[in-house]
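What you see is a predicted model; the values in this text were computed from it and never measured. These numbers come from the heavy atoms of this one structure, side chains and all, not from hydrogens, waters or symmetry mates. Counting convention: from 1, in listed order, for ligands and their atoms alike.
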Amino acid sequence: MATLRYLGHSAFEIRGKDTVILIDPFLSGNPSGAAAHESEFTDVRYIFVTHGHGDHLGDTVSIASRTGATVVTNYEIGHYLGKNGVACHAMHIGGTFSFPFGRVKMTPALHGSDIIEGDRMIPGGNPCGFLFDVDGERIYHAGDTGLTMDMQLLAAEKVKAALLPIGGNFVMDVYDAARAVEFVRPEIVVPMHYDTFPVIAADPHEFERLVGTTATVKIMKTGDTLDL
Ligand code: NI
Ligand code: MN
């Protein structure tokens, strides 16, 4: 069994039998309030980062530096974080690796990924999503993305829970996210990346209505947990 906890925006914790994973830990500076302060994470083993934007890279460096967690991200962000003294495992789009808790595939996302540092913009490679097997449960975190035909490939992967952005403007809106559910065919879908900022306001209940009977929509409030 794996337990999913929504930390706000696109940030999740996955707690498995022997591992604690964070995805896109944007906690400090989340204007809608995150579920926890970054200092509360003490036993994190892995931090998965989908792309270089600040609302995803978030508190990665401070949590990884303090806990010794390994950051799993694309080659370019891995190179950047490595220079900051963080332990990284670099992957790239389409690649799969077997971690002690299970396999992870890096999936494509249609978005940007550059890292802003002061007034410099550092190239952050290709944005991605992740398909996780944690204790035998398959979880897809789409990262930031528009609707893509590539999502149809995930239908064969028998995804238990899909975490999909619905906030529009930078990512899919509720209409495209509902089409993504038809492509991916997960058992459960959790909407994310909405209402954090005014420009990504969205109604998760409208998303639920659009998904209909294709999947079970679980609208998680920040801090909610879900056993898979
Ligand atoms: Ni982004
Ligand atoms: Mn984002």
### Query
What N, O or S atom of H53 is found closest to the Ni ion (ligand 1)?
ND1
### Message
In this structure, would M91 and L153 fall into the same cluster of hydrophobic residues linked by side-chain contacts under 4.5 Å?
### Response
no
### Message
Given the Mn ion (ligand 2) as the apex, I'd like the angle to OD2 of D144 and NE2 of H193, rounded to 10 degrees.
### Response
100°
### Query
From the Ni ion (ligand 1) out to just under 2.8 Å, does an N/O/S atom of H56 turn up?
no
#### Entry: Proximal heteroatom of D144 relative to the Ni ion (ligand 1) (N/O/S)
OD2
### CD1-CG distance between I122 and D114, expressed to the nearest 0.5 angstrom
9.0 Å
### Query
Do the ring planes of H56 and H193 sit parallel (below 30°), tilted (30 to 60°) or perpendicular (above 60°)?
parallel
### Query
Is the Mn ion (ligand 2) less than 2.8 Å from an N/O/S atom of H9, whether that atom is in the backbone or a side chain?
no
### Query
In this structure, which one of F48, Y46, Y140 forms a ring pair (Phe, Tyr, Trp, His ring centres under 6.0 Å) with F132?
F48
### Message
Tell me the angle that NE2 of H56 and OD2 of D55 form around the Mn ion (ligand 2), rounded to 10°.
### Response
90°
### Task
Please find out if the Mn ion (ligand 2) and some N, O or S atom of H111 are separated by less than 2.8 Å.
no
### Query
Do L110 and V171 sit in the same hydrophobic cluster, where Ile, Leu, Val, Met, Phe, Trp and Tyr count as joined when their side-chain heavy atoms come under 4.5 Å apart?
no
### Query
Between H9 and N30, does a side-chain hydrogen bond (donor to acceptor under 3.5 Å, both in side chains) hold up when you go through it step by step?
CA-CA 8 Å; H9 198 52; N30 179 337; 5.6 Å; no
